[in-house]
Amino acid sequence: MGTLTVQTLQAPTSGANANTILVPSGQTVHAAGSVVQVQQTYVAATSVITISSASLTASGIQRTITPKFSDSIIWVRLNIVMQDGITAPSVFGKMYVNGSAMTGAGDYHLGYSNPSLARYVPFTFDAQYQVTSTSQLTFEPYFRGGDATSFRVAHNDSSYCLTCMEIAQ
């Protein structure tokens with residue numbers, strides 16, 4: 001195996017692929033800090049997901065990604081609007097990977113609302129996961145109420161988006 005050293009790559013300025021450097025199918029450019037792939041689950045909720053527990057409970061919202069490199073970082077982001085309107089005054093969440101809590105991703109406070117007002121509670125979760133192999137990873141948020149009362153993770157008037165982005169190191 002050899003090393004090709006160049007100072008500048010320049011694409012042709014005319015033709016069908018003008019100003020484009022092509023990477024053949026099945027090949028990957030591995031540049032530190034670059035986005036390798038993005039996997040996303042976006043759902044316009046058409047049903048209700050209700051959690052009635054003071055213990056962390058699986059939400060059923062999942063995204064799977066298979067890393068291309070064994071040393072990448074997966075940036076995990078969840079955007080969701082919950083309806084804290086049944087009885088729970090506070091909601092906590094934690095991201096799980098392959099059924100286990102992410103290390104260092106403790107309980108994340110989602111906010112307070114007045115249950116009698118049926119307020120919507122926006123939640124954004126951001127964390128990174130250090131990859132150690134190219135095995136498939138499944139991310140899923142777990143939630144719990146501040147007590148054992150109910151809250152809606154998803155409802156008929158909301159949507160949610162779970163994004164997993166592989167970043168080369």
Worksheet item: For residues T134 and S70, is any side-chain donor paired with an opposing acceptor at under 3.5 Å?
Response: no
Side-chain touch [X]/[Y], heavy atoms, less than 4.5 angstrom:
X: V97; Y: V76; answer: no
X: V35; Y: W75; answer: no
X: V131; Y: D71; answer: no

Discussion item. Using the rule side chain to side chain contact (heavy atoms under 4.5 Å, CB included), only one of R77, E140, Q39 pairs with R63; which is it?
Written reply: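 When side chain to side chain contact (heavy atoms under 4.5 Å, CB included) is applied between R63 and each of R77, E140, Q39, only Q39 qualifies.
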Practice prompt. For a side chain to side chain contact (heavy atoms under 4.5 Å, CB included) with F139, tell me which candidate from T41, I74, T64 qualifies.
Written response: I74
Practice prompt. Please step through side-chain contact (heavy atoms from CB on, under 4.5 Å) for the pair I65 and V38, ending with a clear verdict.
Written response: CA-CA 8 Å; I65 188 169; V38 177; over 6 Å; no
Fill in: Residues that Y42 engages under ring pair (Phe, Tyr, Trp, His ring centres under 6.0 Å), provided they are two or more places apart
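Partners of Y42 under the ring pair (Phe, Tyr, Trp, His ring centres under 6.0 Å) test: none.
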Worksheet item: Of Q130, E166, Q169, which meets side chain to side chain donor-acceptor pair (under 3.5 Å) against S72?
Response: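 One option only clears the test, and that one is E166.
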Worksheet item: Which atom names give the shortest non-hydrogen contact between Q40 and C161, and what distance separates them?
Response: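 In this case the closest contact between Q40 and C161 is NE2-SG, 3.2 Å.
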Worksheet entry | Whether Y96 and Y142 hold their rings parallel, tilted or perpendicular, with breakpoints at 30° and 60° |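 The arrangement is parallel - the two ring planes meet at less than 30°.
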Fill in: Nearest-0.5 Å distance that lies between atom OH in Y129 and atom CD1 in I73
12.0 Å
